[in-house]
There are 2 protein chains.
Amino acid sequence: MEPRKIRNMEEFASVSGISRPTLSKYFNDPGSVRVSTRRKIEAALGKYDYRPNIYATNQNRRTTRNIGIVVPYLADPFFNEIGRAVELACIAAGYSPILLSSHGNLAQEHDNLESLRALKPAGVLLAPFGRASDKATIQRFGQDVPLVLFDADVEGAGEAFIGTNNAQSIALIVSYLCRSGEPPCFFEMRTPSNPNANKRREAYLESMKHLGQEAHIFQAVGTGWDFEEIGYREGGRMMAEGVFPTNTILCSNDRLAIGVLAAAYEQGLKVGCDEGCVLRIAGHDDHPFSRYTCPSLTTISQDYSAIADRAAMALLEVIDSDQRGQRRTITLFDGKLVLRNSA
Amino acid sequence: MEPRKIRNMEEFASVSGISRPTLSKYFNDPGSVRVSTRRKIEAALGKYDYRPNIYATNQNRRTTRNIGIVVPYLADPFFNEIGRAVELACIAAGYSPILLSSHGNLAQEHDNLESLRALKPAGVLLAPFGRASDKATIQRFGQDVPLVLFDADVEGAGEAFIGTNNAQSIALIVSYLCRSGEPPCFFEMRTPSNPNANKRREAYLESMKHLGQEAHIFQAVGTGWDFEEIGYREGGRMMAEGVFPTNTILCSNDRLAIGVLAAAYEQGLKVGCDEGCVLRIAGHDDHPFSRYTCPSLTTISQDYSAIADRAAMALLEVIDSDQRGQRRTITLFDGKLVLRNSA
DNA sequence: TCAAATAATTAACGCGAGTAAAGTATTTTG
DNA sequence: CAAAATACTTTACTCGCGTTAATTATTTGA
């Protein structure tokens with residue numbers, strides 16, 4: 001006696017003995033019906049295989065329970081992890097996250113927002129390219145859809161921004177490096193695709209000044225998201241040419257540092273703090289691979305899950321309260337120093 | 001004179017001067033209407049901002065134009081790249097890909113398939129866990145939804161399988177290693193989460209036999225997807241204990257190799273083929289980071305885009321032809337040897 | 001116990017588009 | 001240029017569910 005397939009809510013109403021409007025209420029919020037009827041519904045649900053048609057549901061609801069998540073580059077482990085953390089936070093709150101990557105491509109960021117618009121999401125969590133992003137587009141989007149930014153800020157867009165306190169984290173590692181050896185030079189990309197890079201440079205300058213040290217900034221030529229390659233090529237070239245005035249290099253992020261480390265290895269330059277080491281290299285982000293570089297990379301870890309949770313929470317608040325554009329909040333989490341062998 | 005917002009196709013019909021059924025035809029296939037009317041529609045489309053409601057559209061279409069893509073672990077660069085390639089192939093064919101990761105979690109694979117079922121996709125491209133996957137679930141899913149597998153096969157499930165020819169690729173690298181130095185030992189996980197691992201082990205044994213060499217297999221204890229950690233810990237322990245009878249280690253995949261390389265570095269064992277090197281290490285997959293290991297990793301590159309394109313093509317054929325379960329095809333692409341400095 | 005409060009039912013409409021049938025206009029063809 | 005073929009318009013129904021209003025049933029509590 002195989003129970004026949006249920007085609008729609010009408011049919012499920014007849015087999016479960018509960019009226020359709022009540023079922024509709026139940027599926028929207030199981031807690032909104034009497035316990036006794038809820039039990040009846042769930043008993044029927046166990047017996048017959050029925051799920052509301054999501055297209056019909058979303059067509060008619062004032063607002064869907066979809067939340068869009070957009071990150072600039074999902075192949076980057078940092079965005080992969082933080083994207084996943086945000087997803088989980090949304091699921092926990094009963095929403096359906098839709099995670100999109102802009103694939104390191106600015107136009108794709110715009111496309112992703114447009115695709116999301118068509119999905120009429122309850123809200124969107126966006127990690128924008130930042131500087132390079134089309135500010136006007138994002139601001140406009142934020143006027144139509146509840147929007148919270150994370151990782152990188154875009155002035156005046158969305159209801160909130162959640163990120164890492166670069167000033168604090170860079171001060172932390174600069175101070176450690178100065179205390180434990182020669183003061184660091186700063187290695188970054190000339191045209192960084194991310195505004196955090198600018199904040200980190202400024203924080204480096206500020207920290208060095210504060211410690212009474214001379215700052216030295218070295219900028220690598222190159223565009224795109226192939227940071228390791230740029231670190232390897234440009235950092236390698238600079239080392240070969242001996243341009244660094246101290247033996248310590250602080251890289252703007254771990255992926256650059258990974259490239260620089262590879263170049264140092266190939267040039268036979270021993271990196272670390274032990275006897276015989278001629279170079280110290282540090283990064284920022286605690287990239288999953290920084291544990292397995294040679295030597296393992298001293299870096300700053302960002303609090304992924306705190307950023308993700310807070311971002312999701314901020315968005316949900318906006319969605320629930322329906323209060324848009326009241327005041328824009330900015331939340332920054334401190335980074336932690338991760339001491340390994342490279343510095 | 002800001003053109004008023006168009007609410008639905010009815011309204012767009014009146015402002016464009018084209019009847020609603022014709023518009024519906026156009027949006028389903030722009031080529032199905034006369035060129036002159038198409039031009040009229042597209043002129044109006046440029047003037048007014050209208051897009052069909054995707055929920056209403058999908059509710060009523062016989063079949064949606066969504067294609068589900070499921071990979072076991074999106075944080076793994078291999079699946080990230082191949083997932084992206086598959087996405088692009090679907091977009092090129094006019095479908096809307098929905099990329100889901102099972103996050104290294106078997107239950108999630110099942111959940112992902114169930115979520116996709118609710119989306120009533122035109123078809124699904126699945127890279128399953130393989131051995132560990134619930135064979136029955138996947139086979140049943142393949143009966144309800146057009147399904148093509150890639151990367152890892154599940155016997156009898158779906159309409160086709162597309163992957164790498166492990167026998168060929170392993171034979172290639174084993175033969176190279178034997179030719180250029182001591183014959184390789186094989187390093188892998190004891191309980192691999194992927195059936196390719198088994199095929200690679202068998203291919204290793206076969207190749208060594210064929211070359212008249214003695215095979216040596218070493219299996220690391222450990223579960224999950226933290227391959228680098230397992231390679232680092234277990235591979236490192238084995239090296240320290242001196243269990244490898246030759247100076248050459250072929251790892252079942254690059255991520256294990258990355259961990260082994262890190263361990264070798266820490267133990268002061270110089271890896272490579274130059275003077276003074278005591279160890280050779282090779283991998284398989286051409287992981288994006290294998291270029292930046294110390295030393296850079298000799299490995300096998302899989303033909304990502306060929307696999308992705310062929311998989312998408314196979315699925316589209318099944319969707320278009322509507323011929324299900326005729327005969328199951330298996331397509332394997334050869335790997336290429338990537339010579340770097342580690343072996 | 002009985003009125004007040006709460007919850008479920010019945011009936012009906014709306015959402016935005018797919019789709020089919022019948023009729024009209026336009027294009028193509030011989 | 002007329003007839004055949006093709007494309008378009010009008011009309012109307014469908015899909016599956018959200019939602020409301022009026023009614024009826026059940027629970028609560030003083």
Side-chain angles (χ1 to χ4, degrees), chain A residues 4-45 48-66 94-96 117-122, chain B residues 4-45 48-66 94-96 117-122:
Chain A
R4 70 193 157 116
K5 269 275 175 186
I6 307 295
R7 313 186 143 274
N8 54 36
M9 203 181 274
E10 198 78 54
E11 239 177 76
F12 186 65
S14 62
V15 300
S16 66
I18 303 290
S19 72
R20 196 171 70 71
T22 303
L23 288 175
S24 181
K25 265 190 82 182
Y26 168 82
F27 285 114
N28 276 311
D29 174 9
S32 66
V33 302
R34 205 141 54 196
V35 205
S36 57
T37 61
R38 179 171 176 175
R39 263 200 278 273
K40 279 188 217 162
I41 295 173
E42 279 164 1
L45 230 33
Y48 303 90
D49 163 36
Y50 168 73
R51 294 171 62 173
N53 179 307
I54 58 167
Y55 298 114
T57 303
N58 282 324
Q59 177 179 7
N60 297 310
R61 239 203 278 268
R62 297 190 196 304
T63 163
T64 69
R65 295 185 75 75
N66 297 327
Y95 286 80
S96 303
R117 212 190 271 273
L119 291 177
K120 306 187 190 307
Chain B
R4 70 189 155 116
K5 267 274 175 186
I6 308 296
R7 314 187 142 274
N8 52 36
M9 203 179 273
E10 199 77 55
E11 240 177 75
F12 185 65
S14 63
V15 300
S16 66
I18 304 289
S19 71
R20 199 171 69 69
T22 303
L23 287 176
S24 181
K25 265 190 84 183
Y26 168 82
F27 284 114
N28 276 311
D29 174 10
S32 66
V33 301
R34 207 144 50 199
V35 205
S36 56
T37 61
R38 178 171 177 174
R39 264 201 277 274
K40 281 189 217 162
I41 295 173
E42 279 163 1
L45 230 32
Y48 304 90
D49 164 36
Y50 167 73
R51 293 171 62 173
N53 178 308
I54 57 166
Y55 297 114
T57 302
N58 281 325
Q59 178 181 7
N60 298 311
R61 238 205 278 269
R62 296 189 195 298
T63 164
T64 68
R65 295 184 76 76
N66 297 327
Y95 286 80
S96 304
R117 214 190 270 275
L119 291 176
K120 305 187 191 306

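So that the names make sense, note that chain A is the first sequence line, chain B the second, and so on, each numbered from 1. Quick caveat, the model's predicted, so the values are computed rather than measured.
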(request) On DNA chain C, reading 5' to 3', which nucleotide is the first and which the last to sit with an atom under 4.0 Å from a heavy atom of chain A, could you check? (result) C/dA7 to C/dG16

(message) Tell me every residue that passes salt bridge (Lys or Arg N to Asp or Glu O under 4.0 Å) with B/Arg117, counting only those two or more places apart in sequence or in another chain.
(response) B/Glu114, B/Asp144

(request) Please work out which of the three classes, parallel, tilted or perpendicular, describes the rings of B/Phe12 and B/Tyr50, given edges at 30° and 60°. (result) parallel

(message) With side-chain contact (heavy atoms from CB on, under 4.5 Å) as the test, pick out the partner of B/Tyr55 among A/Asn58, A/Asn60, A/Ile54.
(response) A/Asn58

(request) In sequence, state the C-alpha distance, the side-chain angles, and the governing distance for B/Thr57 and B/Arg65, and then conclude on side-chain contact (heavy atoms from CB on, under 4.5 Å). (result) CA-CA 10 Å; B/Thr57 302; B/Arg65 295 184 76 76; over 6 Å; no

(request) Could you walk me through whether A/Ile18 and A/Val33 pass the side-chain contact (heavy atoms from CB on, under 4.5 Å) test, one step at a time? (result) CA-CA 11 Å; A/Ile18 303 290; A/Val33 302; over 6 Å; no

(request) For A/Thr37, report the nucleic acid contact type (base, sugar-phosphate, nothing); a contact means any heavy atom under 4.0 Å. (result) sugar-phosphate

(request) For B/Arg20, enumerate each residue passing the salt bridge (Lys or Arg N to Asp or Glu O under 4.0 Å) test, keeping only those at least two apart in sequence or located in another chain. (result) B/Glu10

(message) I'd like to check the salt bridge (Lys or Arg N to Asp or Glu O under 4.0 Å) partners of B/Arg34; sequence neighbours left out, ordered by chain and number.
(response) none

(message) What verdict does the side-chain contact (heavy atoms from CB on, under 4.5 Å) test give for B/Leu119 and B/Thr64, after you've listed the backbone C-alpha separation in whole Å, the side-chain angles of each residue and the deciding distance to 0.1 Å?
(response) CA-CA 8 Å; B/Leu119 291 176; B/Thr64 68; over 6 Å; no

(request) With side-chain contact (heavy atoms from CB on, under 4.5 Å) as the test, would you mind laying out the steps for B/Lys120 and B/Thr63 before giving the verdict? (result) CA-CA 7 Å; B/Lys120 305 187 191 306; B/Thr63 164; over 6 Å; no

Please list, pair by pair, any protein nitrogen or oxygen found under 3.5 Å from a nitrogen or oxygen in nucleotides 23-25 of chain D.
none

(request) Classify every nucleotide of nucleotides 15-20 of chain D by which part a protein heavy atom approaches to under 4.0 Å, writing B for the base, S for the sugar-phosphate alone and - for neither, in 5'-to-3' order. (result) BBBBBB

(message) Do B/Tyr48 and B/Glu11 have side chains that approach each other closer than 4.5 Å (heavy atoms only, starting at C-beta)?
(response) no

(request) Considering just the side-chain nitrogens and oxygens of B/Ser19, establish if one lies under 4.0 Å of OP1 or OP2 belonging to D/dT10. (result) no

